[in-house]
Amino acid sequence: MGEIDGVVQGHRDGHGYVLPDAGEPWIYLAPQEMRSVLHKDRVRVRILRQDRKGRPEGRVIDILERRKSPIIGRLLHEGGQWIVAPEDSRYGQDILIPKNATASAAVGQVVSVELTEPPSLHSQPVGRVAEVLGEIDDAGMEIEIAVRKYEVPHQFSPETLAHAAALPEKLRPADRKQRVDLTDVALVTIDGEDARDFDDAVYCEPYQQGRGKAAVQGWRLIVAIADVSHYVKPGEPLDEDAYERATSVYFPRRVIPMLPEKLSNGLCSLNPEVERLTLACDMIVDTDGKVRAFQFYPALIRSHARLTYTEVAAVLANTRGPEAQRRADLVPHLLHLHEVYRALLKQRAKRGAVDFESTETQIVCDDNGRIEKIVPRTRTEAHRLIEETMLAANVCAAEFIATAEHPSLYRVHEGPTPEKRLALQNQLKALGLGLHLSDEPKPAEIQAIAQAVHGRPDALQIHTMLLRSMQQAIYTATNAGHFGLAFEAYTHFTSPIRRYPDLLVHRVIKALLNGRRFHLVASDKTRKPELRKGGKVAHRSAKPMSQEMELWEAAGGHCSANERRADEASRDVEAWLKCRYMREHLGEEYSGTVSSVAGFGLFVTLDAMYVEGLVHITELGGEYYRFDELRQELRGERTGIRYVVGTRVRVQVSRVDLDGRKIDFRMVREAELDRPAGRNDKPRGGSAIEELASVREADRVNKTVLRERKGKGGVEAARRSRKPAAKRPAPKPRARR
């Protein structure tokens, strides 16, 4: 059989896969083959056979490139030898450390290791301690581990820092030239209480053109976005580092920014009462919410206020309240913003954009980085208002670029694949729903199903099925539309401080305004596009791409991959914090809701803490449970008891594995088993989900966790933990609420 090049993807139980460069199906590597390679090595394999599951199975015939990045783990002393157990279990092998290569590290400390000898069929890898990060329980250690584990760039180059330091502290006369002066316009920023950088400012006023029946009535909506491209030029050190990061990474209590603080919180941030450079999208929106006209232009603004979502929501709810009195001069403008938002919602409904309700949570930490509480993040009218105005500006940017036929990056989100559509149709049929999907479903069909099941006890289960049918959004040079938002063309324009694709879109728009073309230039960090899992566009043209389009496609693939990397790192830190938090609640009982069902057990999300854990199937009682994949349920053969998504249960926290990021529950009482939780069983923050893609990605990760969490009864066993999990204490007489 043929030879294929690709990147090794390890698995925690010893086997692995090769992800081919050409986007072909993954190739299975047996544990024996993984002994000579490590996670993320580039290899050449020869396909030997199909394994029992029908997957191609390969043999490593050449190692093309060894990974060079340090490996993070904990230093241990076992059997007279020093070893480092990697934090990322996908490496599958411990690293031997010579006695004279441990630096100043002590047993149990977290270290960074550089390999000095690669693994082979007959020997383990050998390395040396390059950096000592500290104790596992040190404040912020989970973030230090995550940025290295996921290879998130977290230190700017000396050239970048010098470049940023050389920038002026305030605007110069030359900066103001050839810009529309909007300093007298009451533009305001509306963000969360903990926001430090402000990308966007908004303003709205009534608008009327013409008289009589032909008159156009509506609003003038201005969305002014920080002009990062004025300071970050192609090819300069600032741009090189920004491209490498591609996005800011958000952790509880810490942000790894895409740009140095002087830019992200200073020159580019639209701070109140200071002049700032922006690229403005000036729109005319009619009473039906349709954008009748728009224009882009460089502008000079002065934000009239730094408002929070909570503050604006309070003003909109009560225009005579204390918040409104404090911002009396801005209340009319905020009311106009609310009016145009309500109009834009009409267009959203007409398009049939997909919109599910979900609960987003926020981790509240103390000064030492310990979780104090986990609370639902309430979405207000102010959140939705900003979301809709940003969507409008993003669509205008995509239309402006597409009309000019200029290469750029689009935010593409495609509909269900034929396989996922068929699976979804079968699931709906199994649930007794006579709802049909066409061969090429439209967003309105998905939204119609979501609305049709409103109020049903299994609505949550059906919404989960709909979400799982979605593909992942990516950045690509080929416009295939945004399925979830029901836009024919969509891009990201509104966050250039924290997203590199938005910076590229700004450069394209400014070039077009000046009658020029923006050419993406190859650099050491720009490589030929790689087709990644979840990163292909089904309708991509089969004809060869030009060299310039290849560069744009490479940039899109790079930004998409780094977006996923940032999400994985953030989720890893949150999972670690939640596990440490739950160690303090071992033995306590809580009510919860089944959030996922698998053949080996149930995942339950606690009502009070919004933390998810596993109830293994062996904890469900002394009978055989059959898993129905279509209905996503476990049903007891003897009693008929069934568990589905939304089932209400009461559980006890029985085990916490900090290293494995796993929480196990024990079933205490099966209450209301056959009645899944309805939409009103507990308060939920309504969410107009702007990016269904991120939800889809989270679901993908969740399913990976499901596969890896199999335990008893002949299924996969977890790799042994280097730190013993906390033991379950005796149940308390009464549960602490």
Side-chain angles (χ1 to χ4, degrees), residues 23 225 246 279 281 283 290-291 294 296 347-348 351-354 390-417 440-444 446 470-496 499-513 517-520 526 528-532 534-564 690-694 696-697:
I225 306 299
L279 185 58
C281 179
M283 297 166 273
K290 185 175 182 180
V291 178
F294 66 85
F296 289 92
Q347 278 298 311
R348 185 186 188 98
R351 296 194 315 270
V354 182
M390 295 304 111
L391 291 180
N394 285 337
V395 172
C396 289
E399 183 178 336
F400 182 69
I401 294 169
T403 301
E405 298 183 348
H406 193 295
S408 185
L409 289 185
Y410 294 92
R411 184 66 168 177
V412 168
H413 177 231
E414 295 192 293
T417 62
E440 294 188 7
K442 303 297 182 187
I446 302 293
M470 301 292 177
Q471 295 192 61
Q472 183 181 5
I474 59 171
Y475 295 107
T476 173
T478 306
N479 177 30
H482 196 293
F483 180 85
L485 296 173
F487 288 131
E488 293 183 1
Y490 185 71
T491 192
H492 277 169
F493 160 77
T494 54
S495 297
R499 291 190 306 227
Y500 196 83
D502 304 54
L503 175 57
L504 289 177
V505 168
H506 276 231
R507 288 173 178 167
V508 170
I509 291 175
K510 290 176 74 173
L512 291 173
L513 291 176
R517 307 278 288 184
F518 172 72
H519 297 286
L520 199 61
T526 307
K528 197 170 182 179
E530 299 174 5
L531 293 177
R532 298 172 172 84
K536 295 183 287 183
V537 177
H539 307 300
R540 188 165 292 168
S541 174
K543 65 180 181 180
M545 290 186 290
S546 65
Q547 184 177 3
E548 184 176 19
M549 285 298 288
E550 284 189 349
L551 289 175
W552 279 102
E553 204 62 50
H558 171 79
C559 292
S560 298
N562 284 12
E563 177 188 42
R564 292 193 293 274
E690 189 263 311
E691 290 300 347
L692 288 171
S694 61
R696 174 63 192 139
E697 172 65 5

Less than 4.5 Å apart, side chain to side chain, heavy atoms only: is that true for [X] and [Y]?
X	Y	value
Val395	Val291	no
Arg348	Leu391	yes
Tyr475	Arg499	yes
Gln472	Arg564	yes
Tyr410	Ile401	yes
Thr491	Asp502	no

Check the pair His413, Tyr490 against ring pair (Phe, Tyr, Trp, His ring centres under 6.0 Å), reporting the backbone distance first and the verdict last. CA-CA 9 Å; His413 177 231; Tyr490 185 71; over 10 Å; no

Considering all heavy atoms of both residues, which atom of [X] and which atom of [Y] are nearest to each other, and what is their separation?
X	Y	answer
Ser408	Val505	OG-CG2, 3.9 Å
Ala393	Cys281	CA-SG, 4.1 Å
Glu563	Ala473	OE1-O, 4.4 Å
Gly352	Ala486	C-CB, 4.4 Å
Met549	Ala477	CE-CB, 3.7 Å

How many angstroms lie between [atom1] in [X] and [atom2] in [Y], if you round to the nearest 0.5 Å?
X	Y	atom1	atom2	value
Ile225	Leu279	CD1	CG	8.5 Å
Cys559	Leu504	SG	CG	6.5 Å
Phe493	Leu409	CZ	CG	15.0 Å

Using a cut-off of 6.0 Å, state whether more than 12 heavy atoms not belonging to Lys510 lie near its atom NZ. yes

When you look at Val354 and Met470, which way does the side-chain contact (heavy atoms from CB on, under 4.5 Å) test go after all the steps? CA-CA 11 Å; Val354 182; Met470 301 292 177; 4.1 Å; yes

Using the test salt bridge (Lys or Arg N to Asp or Glu O under 4.0 Å), find all partners of Arg351 that sit at least two apart in sequence or belong to another chain. none

Answer yes if the ring centres of His558 and Tyr500 are under 6.0 angstrom apart, and no otherwise. no

N/O donor-acceptor pair under 3.5 Å between Gln471 side chain and Pro416 backbone: no

Would you sort out whether Thr478 and Val412 count as a side-chain contact (heavy atoms from CB on, under 4.5 Å), showing the intermediate values? CA-CA 8 Å; Thr478 306; Val412 168; over 6 Å; no

Ring pair (Phe, Tyr, Trp, His ring centres under 6.0 Å) with Phe400: which residues, sequence neighbours excluded? Phe296

With ring pair (Phe, Tyr, Trp, His ring centres under 6.0 Å) as the test, would you mind laying out the steps for Phe518 and His406 before giving the verdict? CA-CA 8 Å; Phe518 172 72; His406 193 295; 7.1 Å; no

So, Thr476 and Glu553: side-chain donor and acceptor under 3.5 Å apart, yes or no? yes

For Glu548, all residues meeting side-chain contact (heavy atoms from CB on, under 4.5 Å), sequence neighbours excluded: Pro407, His519, Ser546, Trp552

